[in-house]
Amino acid sequence: MEETKDLIQQRREKLDEIRKFGVEPYPHKYEPTHTTSAIQRDFADIQETSDDAQTVRIAGRIMTKRDHGKSSFAHLQDSEGQIQIYVRRDKIGPDPYKIYRRFDGGDIVGAEGTVFRTRTGELTVLVDTIELLSKSIRPLPEKWHGLQDKQTRYRQRYADLIMNPEVKDVFVKRTQIVQAIRNMLNTRNFIEVETPVLQPIYGGANARPFTTYHNTLEQSLYLRIANELYLKRLIVGGFDRVYEFSRDFRNEGMDRDHNPEFTMLELYQAYADYIEIMELTETLIAETAKTLHGTAKITYQEHELDLTPPWERLSMVDAVRKYAGIDPVPLSADELYKAAVDVGLDLVGDETKGKIIAELFDEYVESKLIQPTFITDYPIEVSPFAKKKPDNPQFVERFEFFICGMEVGNAFSELNDPVDQRQRFLEQANSLEAGDDEAFMVDEDYLRALEYGMPPTGGLGIGIDRLTMLLTNQYSIRDVILFPQMRPEN
RNA sequence: GAGCCGUUAGCUCAGCAGGUAGAGCAUCUGACUUUUAAUCAGGUGGUCACAGGUUCGAUUCCUGUACGGCUCACCA
């Protein structure tokens, strides 16, 4: 980049000078004996320098450097933390010290020495030898304020991770969340599988897809918006418990809790219904929180949350009654329409009763659900893959769960009646024809699978990014995705 | 897509009722062998996001564009 040419030029000159000393600035390997945190742990009791001091070898990035003439202090940072090193000319020799003087903040070095504690009490490695492992020619951000600019932090996540250790911590936790869930599912005899990202027919959710093209097949393909229909094919095939952490892609807006590509855990369990899945859900999430924090009570922004099961369960109709002040049950579609418009809902006029209930819920209920809450029994119109309730075919056995006003997951008793499913597909196809660009087409192969017979099955999807936001107290989805989607810089 | 805000040195930020810019840190030179935001002395570094307009003169005022942030809309 042109703007830092001068500083980069300076460092390239140092690079040349280092080479003139016969030192290769980009050697091939180094063998550390300790990480910084291992030293902090193993030498916690040490007082001063001792003659039988154990030699350690560490490797890391120089974060600060304080030269004092013939000696110098610096902090090295590795993947686990930082440790101070103390470099003395009379220890390492005059020529190595000249080379060391050309090291900069950002350089990656290996150092061997003994551990002691300085006058001010900081555990420090007194260096016997130090060598350059990789010369940095681009200056790091300032040490005190670090890197603040969000744009730079998202675009140059590497610089963000170097400068802001708490960022790295979030992503370590993200991995731990996935790992905790994986362990629990494996223990429960679920099998982790992989299904196509490139799909000839997209489905399993209402969303606009990304489209791509396969040259050899000479056909359009879609990046999956969900993997639901593939996992259920596997249930048909006899995998009774399957799951996948699925990177899904939706060609829609971006905001605090939407990124065009995101990760969804989907799982399917044969012979379970949505009530059983509800129990699994609250257990999975509470246990994940415990693995991470040792407790199911967490803080998210200004809210204190208790994820301990059982969570509140509220039917969508009850929720609308409670929060929107409208009881949809006794009302006709027309009456409900009028009531909804009266409270300020913006409707076109051709909505069905179920659609209006769902709209009322989205508008007046969702944001009020702070503590973890299951909302159950959705209108059939908005749930094309869920089984009808036996006692009321206008509603389905479905739940979503909300925490801090955010939808985190979605589940249902899976529709396994192939005739009913075909009918639901046809309704979607009609909507698509009519211009609903989030509806989807008939998936004949999926119907064929159902025709072979799918056991009664409960299915669940959990937004891993949003769950990570909650469990790591991050305000934006961009802070739990390493490389969030951004417009090009230029 | 709309509204508001932002973009000034490598980083973090000031500044200007219009008169072509400052600080701290980083960097460079010198001093300094237990410092830690090291210290002391001196220096370098800027197309003030980009393009137009108003003006004798614009980094400053106006308009547009780009990128970002927040809110809303859209959206699971």
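In the text below, chain A, chain B and the rest are named by the order of the sequence lines, each starting its count at 1.
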Trainee: Pick base, sugar-phosphate or nothing for A:R398, based on heavy-atom distances below 4.0 Å to the nucleic acid.
Mentor: base
Trainee: Is any NZ, NE, NH1 or NH2 atom of the basic residue among A:R424 and A:D420 found under 4.0 Å from an Asp or Glu carboxylate oxygen of the other?
Mentor: yes
Trainee: With rounding to the closest Å, how many angstrom separate the C1' atoms on B:G22 and B:A14?
Mentor: 7 Å
Trainee: If we count only N and O atoms by modelled type, under 3.5 Å, do the side chains of A:Q485 and A:N259 hold a donor and an acceptor together?
Mentor: no
Trainee: For A:D107, is there an ion pair with A:K65 - N to carboxylate O distance below 4.0 angstrom?
Mentor: no
Trainee: Of the options B:C70, B:U12, B:U35, whose atoms approach the side-chain atoms of A:Q84 most closely?
Mentor: B:U35
Trainee: Taking any heavy-atom pair under 4.0 Å as a contact, classify A:R250: base, sugar-phosphate, or nothing.
Mentor: sugar-phosphate
Trainee: Taking the C1' atom in each of B:A66 and B:U20, what is the distance between them to the nearest angstrom?
Mentor: 24 Å
Trainee: Please report, rounded to the nearest Å, how far the P atom of B:A73 is from the CG atom of A:L345.
Mentor: 12 Å
Trainee: Just to confirm, is there a sub-4.0 Å distance from OP1 or OP2 of B:C75 to any side-chain nitrogen or oxygen of A:R208?
Mentor: no
Trainee: Students often get this wrong, so: under 4.0 angstrom with heavy atoms, is A:G463 touching a base, only sugar-phosphate, or nothing?
Mentor: nothing
Trainee: Please, what dot-bracket string fits RNA chain B when only Watson-Crick and G-U pairs with both distances under 3.5 Å count, crossing ones use [ ] and pairs to another strand use |?
Mentor: (((((((..((((.....[..)))).(((((.......))))).....(((((..]....))))))))))))....
Trainee: Would you indicate what A:M486 reaches in the nucleic acid, counting non-hydrogen atoms under 4.0 angstrom: base, sugar-phosphate, or nothing?
Mentor: sugar-phosphate
Trainee: Between A:K135 and A:D104, is there a salt bridge with N-O shorter than 4.0 Å?
Mentor: yes
Trainee: What nucleic acid atoms does A:A205 come within less than 4.0 Å of, heavy atoms only: base, sugar-phosphate, or nothing?
Mentor: nothing
Trainee: When the distance from CG of A:D160 to P of B:U12 is rounded to whole Å, what number comes out?
Mentor: 11 Å
Trainee: Under 4.0 Å, counting only non-hydrogen atoms across every strand here, what does A:Q148 touch: a base, just sugar-phosphate, or nothing?
Mentor: sugar-phosphate
Trainee: Looking at A:R119 and B:U34, is any side-chain donor or acceptor paired with a base atom of the opposite kind under 3.5 Å?
Mentor: no
Trainee: Touch check for A:E366, heavy atoms < 4.0 angstrom, all strands: base, sugar-phosphate only, or nothing?
Mentor: base
Trainee: Of the nucleotides B:U35, B:C75, B:U12, which has the atom closest to the A:L147 side chain?
Mentor: B:U12
Trainee: Considering only atom C1', compute the distance from B:G3 to B:A37 and round it to an integer number of Å.
Mentor: 41 Å
Trainee: Whether the side chain of A:Q151 and the base of B:U7 hold a donor-acceptor pair under 3.5 Å is what I'd like checked.
Mentor: no
Trainee: Assign A:R478 to base, sugar-phosphate, or nothing according to its heavy-atom contacts below 4.0 angstrom with the strands shown.
Mentor: sugar-phosphate
Trainee: Without decimals, in angstroms, what is the distance between A:R153 CZ and B:U12 C1'?
Mentor: 14 Å
Trainee: Restricting to nitrogen or oxygen on both sides, can you table the protein-nucleotides 23-28 of chain B pairs closer than 3.5 Å?
Mentor:
unit_1: B:A26; atom_1: OP1; unit_2: A:K143; atom_2: NZ; d: 3.1
unit_1: B:U27; atom_1: O2'; unit_2: A:Q10; atom_2: OE1; d: 2.0
unit_1: B:U27; atom_1: O2'; unit_2: A:Q10; atom_2: NE2; d: 3.0
unit_1: B:C28; atom_1: OP1; unit_2: A:K14; atom_2: NZ; d: 2.4

Trainee: To the nearest Å, give me how far apart CZ (A:R256) and P (B:C74) are.
Mentor: 17 Å
Trainee: Compute both the distance and the angle, then confirm whether A:R233 meets the cation-pi test with A:Y230: under 6.0 Å from the six-membered ring centre, within 45 degrees of the axis.
Mentor: yes
Trainee: If we take the P atom in both B:C70 and B:G57, what is their distance in whole Å?
Mentor: 40 Å
Trainee: What distance, rounded to whole Å, do you find between the two P atoms, one in B:G1 and one in B:G64?
Mentor: 16 Å
Trainee: What do you reckon, are the aromatic ring centroids of A:Y97 and A:F103 less than 6.0 Å apart?
Mentor: no
Trainee: Before giving the answer on side chain to side chain contact (heavy atoms under 4.5 Å, CB included), spell out for A:F249 and A:I225 the whole-Å C-alpha distance, their side-chain angles and the decisive distance to 0.1 Å.
Mentor: CA-CA 5 Å; A:F249 306 84; A:I225 58 173; 6.0 Å; no
Trainee: How do A:T64 and A:E407 order along RNA chain B: which one's closest nucleotide is nearer the 5' end?
Mentor: A:T64
Trainee: Does NZ or CZ of A:R398 come closer than 6.0 Å to the centre of the six-membered ring of A:Y378, within 45° of the ring's axis?
Mentor: yes
Trainee: When the distance from CZ of A:R155 to P of B:G10 is rounded to whole Å, what number comes out?
Mentor: 18 Å
Trainee: Using the P atom as the point on both nucleotides, what is the distance between B:G6 and B:A23, in whole Å?
Mentor: 24 Å
Trainee: Would you call the rings of A:F73 and A:Y86 parallel, tilted or perpendicular, where under 30° means parallel and over 60° means perpendicular?
Mentor: parallel
Trainee: What is the distance from CE of A:M254 to P of B:U71, rounded to the nearest Å?
Mentor: 14 Å
Trainee: For atom P, what is the distance between B:A2 and B:U44, given to the nearest Å?
Mentor: 47 Å
Trainee: Closest-nucleotide mapping onto RNA chain B: is A:H258 or A:P488 further toward the 5' terminus? I mean the 5' end.
Mentor: A:P488
Trainee: May I ask you to say whether A:E261 pairs ionically with A:R247, meaning some side-chain N is under 4.0 Å from a carboxylate O?
Mentor: yes
Trainee: Quick one: label A:E122 by what it contacts on the DNA or RNA (base, sugar-phosphate, nothing), any heavy atom closer than 4.0 Å.
Mentor: base
Trainee: Test side chain to side chain contact (heavy atoms under 4.5 Å, CB included) on A:Y222 and A:F210; report intermediate values, then the result.
Mentor: CA-CA 6 Å; A:Y222 303 97; A:F210 288 92; over 6 Å; no
Trainee: Would you classify A:R66 as touching base, sugar-phosphate or nothing, given that sugar-phosphate means primed atoms plus P, OP1 and OP2, and contacts are heavy atoms under 4.0 Å?
Mentor: base
Trainee: Give me the distance, rounded to whole Å, that separates B:U65 from B:U29 when you measure between the P atoms they each carry.
Mentor: 47 Å
Trainee: Take the protein atom CG of A:D67 and the nucleotide atom P of B:C32, then report the distance between them rounded to whole Å.
Mentor: 13 Å
Trainee: Can a donor-acceptor pair be found between the side chains of A:D377 and A:Y274 at a distance below 3.5 Å?
Mentor: yes
Trainee: For A:D437 and B:C74, what is the distance between atoms CG and P respectively, to the nearest whole Å?
Mentor: 14 Å
Trainee: Ignoring hydrogens and angles, does a donor from either the side chain of A:D255 or the base of B:C74 sit under 3.5 Å from an acceptor on the other?
Mentor: yes
Trainee: Give the ring-plane orientation class for A:F425 versus A:Y446, where under 30° counts as parallel, over 60° as perpendicular and anything between as tilted.
Mentor: perpendicular
Trainee: When only distance counts, do a donor and an acceptor, one from the side chain of A:R89 and one from the base of B:U33, lie under 3.5 Å apart?
Mentor: no
Trainee: Looking only at side-chain atoms of A:P141, point me to the closest of B:C11, B:G69, B:G45.
Mentor: B:C11
